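Inspection log for the structure reproduced underneath, given as structure tokens.
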2 protein chains.
Amino acid sequence: MTTIKDIAKAAGVSVTTVSRALNGYSDVNEKTRQKIIEISKELKYSPNTLARSLVMNKSKTIGLLISGLNRGSIKDNFTFEVLVGLNQYVGETDYDLVIFSTTSSKQREKTYSELCRERRVDGVIISGIRTDDPYLREVVDSEIPCVLIDIPIQSDSVGYVTTDNVQGVKKGVQHLIELGHRNIAMVNGHEYAFVSRQRLEGYYQAIEGAGIPINPKWVTNGDFEEKKAEEQALELLSTYPEISAILCASDLMAMGVIKAAKQLGKKVPEELSIVGYDDIILAEHITPALTTIAQDKVQMGFEAAKLLINMLENDNEPHTITLPTELKIRETTSTLRK
Amino acid sequence: MTTIKDIAKAAGVSVTTVSRALNGYSDVNEKTRQKIIEISKELKYSPNTLARSLVMNKSKTIGLLISGLNRGSIKDNFTFEVLVGLNQYVGETDYDLVIFSTTSSKQREKTYSELCRERRVDGVIISGIRTDDPYLREVVDSEIPCVLIDIPIQSDSVGYVTTDNVQGVKKGVQHLIELGHRNIAMVNGHEYAFVSRQRLEGYYQAIEGAGIPINPKWVTNGDFEEKKAEEQALELLSTYPEISAILCASDLMAMGVIKAAKQLGKKVPEELSIVGYDDIILAEHITPALTTIAQDKVQMGFEAAKLLINMLENDNEPHTITLPTELKIRETTSTLRK
DNA sequence: CTGAAAGCGCTAACAT
DNA sequence: ATGTTAGCGCTTTCAG
């Protein structure tokens, strides 16, 4: 494996000059540079980024702490789309992404900062972490630049990108209200997700905004799981048959709710309108196609990478980005049938 | 940032001893070791893997060369599932995955080996590459251990994991034949994919095995694209209305074919039976649910990682794994209607 | 414009 | 059982 030493020898110069020539410094004779470049090509030289990182104390590497890289996250490919966005932006830079595997048994034997420091990543992107995850506290305390996805925390070294969850749900609920619904329930995620709190807030705002009294019993948690949501909906709809519409905090849960409706012999959307959240691939392909609040997951990844690299290179002030959502009206919502 | 030097100073020993103590060497007094470990905790020491990699000449890092990390690959989440499998296995080891972003404009300015050597990866996993990709030749020539997904090439340093594509398609076609079909067309991928060649072979074997004459005109390429497959099917079905069944080399293409059938007013499966390949998430959720040849993509990723790390650590001989497929009979195939 | 020398943090002979 | 020394490949003062 060729090193700058080899090149120096071949060119009859010092390693210093080789280093400077290859890195485009100005204070090197253009002829010398050309010669060095030529020789380095002949010798098929590639710089050793490890050595460079060691001395420069930065690795041009971004760590990925992503919980959704497991079998359970395949159906809703939120994680993948974020990854695509990250990759898209990072691909245009000289950074690389390293995946910290946190699925394993050994996962919690290393603290967050150990993980980062060992690999000497310049920054980190975190997605799919719960608010009660011990790593989260560490992130805030740590000096390492970090961008969170869907967790609105910020400091000098941490920023975030998220979508406007309050507005999102509001749009969904208002759509139902416009269709004449007043008995609107909600199947939310769980209390350890920031987005769930925000989506609940959106629900309240929309309901109250329409002068409809809030019934806390009509709000339940489905843990973002299809099965759990199905069970919750089953109970909800049996106990309160007057419910005519349900807003779900994820499309997967909406699919569970559709199953519940089917079991109870309630036709969707004639007897029960359903709104999902996310706009996963499945949403438009199931029957009936799911009305949902779409968020651009690829964009989220893209912006997260952009934000982090900006923080790394320039240190711009506002480290936060909130993306809009879009209501996609499809076939699971219709006017209230008396 | 604490280094072993700091620890050495604090413990009153040499850096060598610290290094040995921390790395579990036997030739160090147990008391000294305990003291060193304690101090290293107090000082919140994390080893610098960069420095270690540099001197050991291995990085405990696996490079990922994956073409399907872009918007176009979201619908069929083949890539993601492979990634999940990779992550699952790698997570149990002390390796990390680094994603080489090849989506970018700068992508082809670096050769394969430059990419690998710069980051000093110990091995590489490649997926989604075409047979005419210049990287492929480099892989074979290169010394760097590599596992290919779905490309049956092997040497001392390269292995592969794939599924039994011949058998897979054979099962699909035989299923159609058992249903009474004889006029069976095929929408294949493209000539730059090994799997396409193999799947075509499976088609031939099954057709000939049943004593049905082969009609080359009934085999067409859809480039693994939904839209392209739709167009091809449209032409095929218009020109040869006697075709009663189509085997597709991917589920996405099968969805295109379904659209084509719809346009021509052909009912699926009553008037046209369709078999897909892959068993993507969508397959069982669309209406009618797609009969397809399933491959376990997560498993593929898992085995690929396992294989590579085995090659890295032990150098076992046979570097190849072929996984089985499974025919999933759903709603797009039925007995031939006269 | 170029070179000598130091050092990034770590491991690995080779003593002792 | 422990320390000394050298060196991995690179960048970066500091001199010249």
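The figures here come from the full heavy-atom set of this structure, side chains too, leaving out hydrogens, waters and symmetry mates. Labels below follow one simple rule: chain letters A, B, ... track the order of the sequence lines, proteins then strands, and each chain is numbered from 1. Quick caveat: nothing in here was measured; it's all calculated off a predicted structure.
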Can you check the [X] [atom1] to [N] [atom2] distance for me, whole Å?
X	N	atom1	atom2	result
B/Leu43	C/dG9	CG	C1'	15 Å
B/Arg20	D/dT2	CZ	P	9 Å
B/Leu54	C/dC10	CG	P	12 Å
A/Leu50	D/dC8	CG	P	15 Å
A/Met56	C/dG7	CE	C1'	15 Å
A/Tyr25	C/dG3	OH	P	16 Å
A/Met1	D/dC10	CE	P	11 Å
A/Lys35	C/dC1	NZ	P	16 Å

Look at the side-chain N and O atoms of [X] and state whether any lies under 4.0 Å from the OP1 or OP2 oxygen of [N].
X	N	answer
A/Ser19	D/dT11	yes
B/Thr32	D/dT2	yes
A/Asn23	D/dT11	yes
A/Ser14	C/dG3	yes

Q.
Looking at every heavy atom in both B/Arg20 and B/Arg33, which two are closest together, and how far apart are they?
A.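 Where B/Arg20 meets B/Arg33 most closely, the heavy atoms are O-NH1, 4.0 Å.
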Q. Ignoring hydrogens and geometry, is there a side-chain-to-backbone donor-acceptor pair from A/Asn23 to A/Tyr25 under 3.5 Å?
A.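 Such a contact is absent between A/Asn23 side chain and A/Tyr25 backbone.
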**Q.** Distance-only donor-acceptor test (3.5 Å): side chain A/Thr16, base D/dT12
**A.** yes
(Q) Could you tell me if the side chain of B/Phe80 sits less than 4.5 Å from the side chain of A/Leu69, heavy atoms only? (A) yes
(Q) Of the listed nucleotides (C/dT2, C/dG9, D/dT2), which one gets closest to any side-chain atom of B/Thr3? (A)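 Of the options given, the side chain of B/Thr3 lies nearest C/dG9.
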Q | B/Arg52 side-chain proximity, nearest of C/dA12, C/dC10, D/dT11 | A | C/dC10
**Q.** Residues B/Lys35 and B/Glu38 bridged, charged N to O under 4.0 Å
**A.** no
**Q.** First of B/Arg120 and B/Asp27 reached from the 5' end of DNA chain D, by closest nucleotide
**A.** B/Asp27
Q. Do the ring planes of B/Phe224 and B/His190 sit parallel (below 30°), tilted (30 to 60°) or perpendicular (above 60°)?
A.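 If you compare the ring of B/Phe224 with that of B/His190, the planes turn out perpendicular.
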